[in-house]
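The residues of the chain are indexed from 1 along the displayed sequence.
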Amino acid sequence: MRSSRRQFLKTSAALGLGSAAGFMCDLHRFNAFAADTGGYRAIVCVFLFGGMDCHDTVIPYDTGSYNQYANIRSELFDRYDNLDGGSTRERSRLLPLTLANASDFGGRQFALPPELGPLHDLVDSGDAAIVSNVGPLVTPVTRTEYQARSAPLPPRLFSHNDQQSTWMASQPEGARFGWGGRLADIMLGASANPDSTFTVISTAGNTVFLSGELAGQFEVGTGGPQDIRAISDGSFLGSNALPNIYESHLRARNETLVNYLQQDYANAVGRSIDANRTLSESFDMPSPFSTVFPDGGLSQQLQVVARIIALRDVLGVRRQVFFVATGGFDTHSNQANSIPNLHTGIAGAMRAFYDATVEMGVANDVSSFTASDFGRTLTVNRDGTDHGWGAHHFVVGGGVQGNRMYGQFPPSVLGHNQDSGNGRLIPTTSVDQFAATFGRWFGLNGSELNDALPGLGGFSTTDLGFFSGAVV
């Protein structure tokens, strides 16, 4: 993939117009790809900013492992109070998982905290899976190699901004293209969609995850498409006639403009106005599902995504990538008061979104997953935890081979081979492998995955197998 004047202009427009960036595309610059573009597929990234505590998300449940774990976290666990006076992290309060592949873990058992009940039910029903100890990797690394710095490591570990970017784009802050955008580029090159307009959509602002060379981000809010105020609100300019004049000025075409930047900018604005109106008119219609989404910003973002997916035929798209996000996971202190509420919000939102896809008949065609900056330490600092590395994540959808846990789950003790210090997990599954599994389900073949996912150092793009109905 190579940069160009149009790539520069697309990026520049994103800074000022948000959704306009998606229209500065030149599909002829990309060769045709062999990707399978049949049917409809959508990937939804649910990003949890701050670094979600993986040790408080998937919890050891067999008596021996739980006791070791609880001993390390006892000071923090005492703060997880429930209404009848006990800790919600007591073993009797947890929700045990009955995994179909339980034998893979040598007798160890696992559970989710009670606030993740809706996700527990989806795992139990086979509509969700857990991928354990995922994180950025250049090559497999052991504790000894990490301590000796004898193996290549991802740059700027444990830094929020850099690890957010590395999760999304395999490079620290300043990366240009994310793996969501790269997957979309391949599908656009294979003519999955008529243009890039509604291919990658964010409800959480501009994000490197969705940034591609063809795939320009279309941004929406929790209420749907975002209007250009000067056009949609006449009172802003003090006259009902001025919005039409202003729009005509913004739509100035090539024949009246001689500057390349002005031409592309004007065309981008005009197409942005048209796209916003197309989506706005569709959002004015009754909701296509009766599923009730709970209160909360993440839930409302996923509700908007569900409504856009319902419009897939109107919008003429066969492949889409979405990005939603919520924050508050940097729990250095007061974790016992914040994490339960955050877990409740995640689980309720993702369950409602899944239920809406079932109601619309696209549950097998839509897959969502959680991601975060990093996990956190197993050790605690009285009432919080510190920055980590690897973490456990959920994958949800009707096409998921659920009721399973994929990858290696490290022991819940200190000093094991994947402990870089204080229970900070060294990943055993790379983000590239995680992304490649989505890519294959999306319809990409092996060579296309290698092109779309260059990673930190060419890490294996082996399919992890958590989809039961891959296209290829």
Side-chain angles (χ1 to χ4, degrees), residues 1-2 25-45 129 131 134 136-140 167-171 175-196 198-200 209-216 312 316-323 362 364-369 371 393 395 397-401 404 406-407 429-472:
M1 295 182 181
R2 56 188 176 84
C25 297
D26 182 1
L27 295 177
H28 299 294
R29 292 191 298 109
F30 273 62
N31 296 323
F33 290 94
D36 187 330
T37 61
Y40 174 79
R41 293 282 161 99
I43 297 171
V44 184
C45 174
V131 185
V134 186
L137 283 173
V138 180
T139 187
W167 233 103
M168 298 182 200
S170 297
Q171 296 178 29
R176 295 177 59 203
F177 304 119
W179 62 265
R182 287 183 180 276
L183 294 183
D185 278 346
I186 300 293
M187 301 312 290
L188 285 167
S191 301
N193 297 345
D195 61 41
S196 72
F198 298 109
T199 300
V200 291
F209 175 73
L210 295 180
S211 180
E213 199 166 359
L214 293 182
R312 61 197 179 281
V317 291
R318 295 196 297 274
R319 293 293 185 275
Q320 291 184 289
V321 185
F322 296 89
F323 182 87
V362 293
N364 290 343
D365 306 318
V366 179
S367 296
S368 59
F369 68 92
H393 289 289
V395 181
V400 173
Q401 189 168 324
R404 293 174 176 268
Y406 296 85
T429 296
S430 75
V431 175
D432 271 10
Q433 292 171 302
F434 188 77
T437 306
F438 278 96
R440 287 191 181 276
W441 178 77
F442 221 38
L444 278 67
N445 62 35
S447 62
E448 291 162 349
L449 286 172
N450 288 331
D451 185 53
L453 303 170
L456 295 170
F459 202 93
S460 170
T461 53
T462 303
D463 190 327
L464 296 174
F466 51 76
F467 286 112
S468 55
V471 175
V472 292

Exercise for review: Any chance you could lay out the side-chain contact (heavy atoms from CB on, under 4.5 Å) test for Q320 and Y40, step after step, and finish with the verdict?
Suggested key: CA-CA 8 Å; Q320 291 184 289; Y40 174 79; 2.6 Å; yes

Point to revise | Beyond-backbone contact of N193 with L188, side-chain heavy atoms, under 4.5 angstrom | key: yes

**Study point:** Spacing of CG belonging to L210 relative to CE belonging to M168, to within rounding of 0.5 Å
**Key:** 9.0 Å

Check your understanding: Does any N or O in the side chain of S211 come within less than 3.5 Å of the main-chain N or O of R176, such that one atom is a donor and the other an acceptor?
Key -> yes

Point to revise | Closest non-hydrogen atom pair between R41 and N364, with its separation | key: NE-O, 4.3 Å

Point to revise | Any D463 side-chain heavy atom under 4.5 Å of W441 side chain | key: no

Practice item. With rounding to the nearest 0.5 Å, note down the distance linking CG in L214 to CG in D185. Key: 4.5 Å

Exercise for review: Please name the pair of heavy atoms, one in P194 and one in G316, separated by the smallest distance, quoted to 0.1 Å.
Suggested key: CD-O, 2.7 Å

Review point. Would R440 and F467 satisfy side-chain contact (heavy atoms from CB on, under 4.5 Å), going step by step from the backbone distance to the final call?
Key: CA-CA 9 Å; R440 287 191 181 276; F467 286 112; over 6 Å; no

Practice item. Give the ring-plane orientation class for W179 versus F209, where under 30° counts as parallel, over 60° as perpendicular and anything between as tilted. Key: perpendicular

Check your understanding: Can you find a heavy atom in the side chain of L183 that is under 4.5 Å from one in the side chain of E448?
Key -> no

Point to revise | Least distance between heavy atoms, A169 atom then A175 atom | key: CB-CB, 3.7 Å

Study note, to complete from the structure: So CZ of R182 and CG of L444: to nearest 0.5 Å the spacing works out to 12.5 Å

Point to revise | Backbone of L464 reached by a side-chain donor or acceptor of T437 within 3.5 Å | key: yes

**Study point:** Closest heavy-atom pair and its distance - V400, S367
**Key:** CG2-OG, 4.4 Å

Exercise for review: Kindly give the heavy-atom pair with the smallest separation between I186 and A452, and that separation in Å.
Suggested key: CG1-CB, 4.0 Å

Study note, to complete from the structure: Contacts of F434 meeting ring-ring contact (aromatic ring centres under 6.0 Å, His included) (sequence neighbours excluded), chain-then-number -> W167, F369, F438, F466

**Study point:** Nearest heavy-atom neighbours spanning G407 and T429
**Key:** CA-OG1, 4.1 Å

Point to revise | Polar side chain donor-acceptor pair, D432 to S430, under 3.5 angstrom | key: no

Check your understanding: Are the side chain of R318 and the backbone of S191 linked by a donor-acceptor contact shorter than 3.5 Å?
Key -> yes

Point to revise | Separation of R312 CZ from F198 CZ (nearest 0.5 Å) | key: 15.0 Å

Practice item. Determine whether I43 and F322 make a side-chain contact, defined as any pair of heavy atoms from C-beta on separated by less than 4.5 Å. Key: no

